[in-house]
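Take a look at the structure set out below.
Computed from a prediction, not measured in an experiment: that's the story for all the values here.
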Amino acid sequence: MIVSYNPTLKDIVLELGEKMHLESRFKKYNFDKNKISKLLENPNVFCKVAIKDKKAIGFFVGVIQPMWFSNEKAGYDLALYIDKEHRGGMTAVRLIKEFEKYCKENNCVTINLNAGAEISNESAKRLYLKLGYKEYGFMTHKEI
């Protein structure tokens with residue numbers, strides 16, 4: 001079951017977010033629960049939680065904003081995470097489809113998904129392509 005975020009789910013989202021953080025390339029950086037809590041209060045932020053057997057197993061956080069060069073809006077994922085033991089099923093697909101629906105309802109003209117946390121990058125890429133997303137550009141990072 002996919003449920004919309006509400007303040008009663010904050011601790012669950014923070015717990016899943018911390019699990020994602022500890023599994024990601026960002027684990028050496030501070031995890032700020034207060035920052036995430038404020039983010040979840042932003043009306044332009046989308047958050048849905050996947051529940052299975054009364055337990056949260058994943059979440060999707062995204063944002064809608066105008067493109068830097070236009071007033072047309074785009075959807076951007078901020079975090080998509082599924083617990084390790086629940087990966088490979090349809091949960092990620094359901095969460096992505098919910099974000100797509102939200103973006104359409106809010107007149108977005110494009111949706112951008114990425115896998116920058118270095119968690120299951122190849123699996124995420126295959127999934128996104130299977131869902132009709134097109135590969136473009138590339139992503140790099142440099143520690144400073």
State, with a plain yes or no, whether a side-chain heavy atom of [X] is found less than 4.5 Å away from one of [Y].
X      : Y      : answer
Asn112 : Asp77  : no
Lys73  : Val109 : no
Ile111 : Glu100 : yes

Verify the cluster assignment for [X] and [Y]: are they in a single hydrophobic cluster under the rule of side-chain heavy atoms below 4.5 Å apart?
X      : Y      : answer
Val63  : Ile96  : no
Met20  : Leu9   : yes
Ile64  : Tyr133 : yes
Leu113 : Tyr76  : no
Trp68  : Leu78  : yes

Quiz item: Do the side-chain N and O atoms of Tyr81 and Glu23 include a donor-acceptor pair separated by under 3.5 angstrom?
Solution: yes
Practice problem: Answer with yes or no whether the side chains of Asn114 and Tyr128 bring together a donor and an acceptor at under 3.5 Å. | Solution: no
Give me the atom names and distance for the closest heavy-atom approach of [X] to [Y].
X      : Y     : result
Cys108 : Ala74 : SG-C, 3.8 Å
Ala79  : Phe59 : CB-CE1, 3.8 Å
Val13  : Val49 : CG2-CG2, 3.6 Å
Cys47  : Val61 : SG-CG2, 3.9 Å
Ile57  : Lys52 : CD1-CB, 3.9 Å
Phe31  : Leu14 : CZ-O, 3.7 Å

Practice problem: Apply side chain to side chain contact (heavy atoms under 4.5 Å, CB included) to Gln65 and Asn44, showing your working. | Solution: CA-CA 7 Å; Gln65 63 185 37; Asn44 294 318; over 6 Å; no
Quiz item: Any salt bridge between Glu98 and Lys101, counting N to O under 4.0 Å?
Solution: no
Exercise. State plainly whether the residues Lys28 and Glu143 are in salt-bridge range, i.e. N to O under 4.0 Å.
Key: yes
Inter-residue atom distance [X].[atom1] - [Y].[atom2], 0.5 Å rounding:
X     : Y     : atom1 : atom2 : result
Leu95 : Lys48 : CG    : NZ    : 9.0 Å
Ile51 : Ile2  : CD1   : CD1   : 8.5 Å
Met1  : Lys54 : CE    : NZ    : 9.5 Å
Ile36 : Leu40 : CD1   : CG    : 7.5 Å

Exercise. Output, in order, the C-alpha distance, side-chain angles, deciding distance and verdict of side chain to side chain contact (heavy atoms under 4.5 Å, CB included) for Lys125 and Glu135.
Key: CA-CA 8 Å; Lys125 182 177 175 180; Glu135 189 172 1; 3.0 Å; yes
Practice problem: Kindly indicate, with the supporting measurements, whether the criterion side chain to side chain contact (heavy atoms under 4.5 Å, CB included) is fulfilled by Phe26 and His21. | Solution: CA-CA 6 Å; Phe26 301 109; His21 178 74; 4.1 Å; yes
Quiz item: For Glu72, does the CD atom have more than 12 heavy-atom neighbours from other residues, nucleotides or ligands under 6.0 Å away?
Solution: no
Exercise. Count the heavy atoms belonging to other residues, nucleotides or ligands that lie under 6.0 Å from CD of Glu15, then report whether that count exceeds 12.
Key: no
Exercise. May I ask you to decide if Thr8's main-chain N or O and Asn6's side chain share a donor-acceptor pair within less than 3.5 Å?
Key: yes
Quiz prompt | Asp32 side-chain N/O to Asn34 backbone N/O, donor-acceptor pair under 3.5 Å | solution = yes
Quiz item: Pick one: which of Tyr5, Phe46, Tyr102 meets ring pair (Phe, Tyr, Trp, His ring centres under 6.0 Å) with Phe60?
Solution: Phe46
Quiz item: Does the side chain to side chain contact (heavy atoms under 4.5 Å, CB included) test come out yes or no for Ser37 and Lys10, once each step is laid out?
Solution: CA-CA 7 Å; Ser37 296; Lys10 181 172 85 170; 3.5 Å; yes
